[in-house]
Chemist: 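Pasting in a structure now, in structure tokens, and then I'll have a few things to ask.
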Amino acid sequence: MTSKDEEKEAERGFKVQDRRRFAESGDKRSDVADAESPPLPPHAPEPVAVPASAEAPADVEMNFSTFIVSLSTQALAYLGEIPNPIDNSGATDLGAARQMIDILGILQEKTKGNLDSAEHNLLEGMLYDLRMRYVESARRR
């Protein structure tokens with residue numbers, strides 16, 4: 001680059017610099033320092049290992065019915081009706097159970113008229129069952 005070209009780039013406010021570690025021939029360039037991969041920012045979450053028992057089987061087709069069943073299973077776990085698959089505890093969390101039941105209720109309301117009869121009956125039956133179990137669990141407290 002000539003000094004005139006450098007002056008023009010300086011006026012524009014940025015400088016283009018080739019930071020590639022290898023030349024076009026594939027040889028390592030001596031004028032570029034080896035760069036290390038940047039560290040993760042301090043707010044980045046650490047990767048979490050998921051136990052094999054908590055992973056969904058790969059051959060399960062995700063559709064509306066399996067989605068509803070998974071939400072109701074979570075609600076049952078929060079009610080203490082089935083053991084938590086992560087830690088095998090049977091602890092209850094009525095607030096979380098109510099939230100899952102409310103989510104299913106919202107889905108019922110928002111999908112009204114758009115479900116086939118099997119999906120409609122599944123959702124209605126699960127909601128009725130979960131609501132009754134919630135009331136029983138709340139009375140026991």
Side-chain angles (χ1 to χ4, degrees), residues 1-2 4-141:
M1 242 186 205
T2 66
K4 200 173 205 176
D5 290 336
E6 290 173 352
E7 286 176 22
K8 283 183 182 177
E9 282 198 29
E11 288 175 16
R12 287 195 286 181
F14 65 92
K15 180 180 177 184
V16 177
Q17 183 178 5
D18 187 358
R19 297 175 60 193
R20 293 178 288 187
R21 295 185 338 187
F22 298 97
E24 288 181 24
S25 64
D27 298 327
K28 190 171 181 176
R29 291 178 46 193
S30 60
D31 60 331
V32 177
D34 284 337
E36 295 181 17
S37 52
L40 289 175
H43 64 281
E46 301 230 356
V48 177
V50 177
S53 61
E55 294 178 5
D59 60 343
V60 174
E61 177 191 352
M62 182 54 77
N63 57 30
F64 188 76
S65 295
T66 55
F67 177 59
I68 295 302
V69 169
S70 70
L71 292 178
S72 64
T73 303
Q74 286 179 298
L76 288 171
Y78 288 134
L79 288 170
E81 298 283 332
I82 59 174
N84 184 330
I86 304 289
D87 60 6
N88 237 6
S89 70
T92 61
D93 183 349
L94 288 180
R98 181 174 180 178
Q99 186 176 24
M100 294 306 298
I101 294 168
D102 288 346
I103 289 170
L104 285 165
I106 291 168
L107 285 170
Q108 181 184 39
E109 181 182 318
K110 294 294 183 181
T111 58
K112 191 173 242 162
N114 293 322
L115 302 177
D116 62 32
S117 62
E119 293 169 334
H120 172 78
N121 292 336
L122 175 68
L123 182 55
E124 193 169 302
M126 285 190 170
L127 262 173
Y128 177 81
D129 183 57
L130 288 171
R131 287 174 175 154
M132 291 300 112
R133 289 174 188 253
Y134 176 83
V135 169
E136 287 176 25
S137 187
R139 282 186 184 162
R140 280 186 260 148
R141 288 197 151 233

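Being a predicted model, the structure only gives us computed values, none of them experimental.
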Chemist: Identify, with sequence neighbours excluded, every residue that meets side chain to side chain contact (heavy atoms under 4.5 Å, CB included) alongside Arg140.
Modeler: Glu81, Glu136, Ser137
Chemist: With sequence neighbours left out, what residues match Met62 under side chain to side chain contact (heavy atoms under 4.5 Å, CB included)?
Modeler: Thr66, Phe67
Chemist: For residues 91-114, run the donor-acceptor check on the side chains, cut-off 3.5 Å, and write out each pair with its distance to 0.1 Å, sequence neighbours left out.
Modeler:
unit_1, atom_1, unit_2, atom_2, d
Thr92, OG1, Arg141, NH2, 2.6
Asp93, OD1, Gly95, N, 3.4
Asp93, OD1, Ala96, N, 3.3
Thr111, OG1, Leu107, O, 2.5

Chemist: Under a 3.5 Å distance rule, please check whether Glu119 uses its side chain to pair with a backbone N or O of Asp116 as donor and acceptor.
Modeler: yes
Chemist: Which pair of heavy atoms, one from Met126 and one from Val69, lies closest together, and at what distance?
Modeler: CE-CG2, 3.4 Å
Chemist: Hey, is the main chain of Gly125 close enough, under 3.5 Å, to the side chain of Asp129 for a donor-acceptor pair?
Modeler: no
Chemist: So which heavy atom on Leu79 is nearest to which on Arg133, and how close?
Modeler: CD1-CB, 3.9 Å
Chemist: Taking the side chain as every heavy atom from C-beta outward, state whether Phe64 and Leu123 have any atom pair closer than 4.5 Å.
Modeler: yes
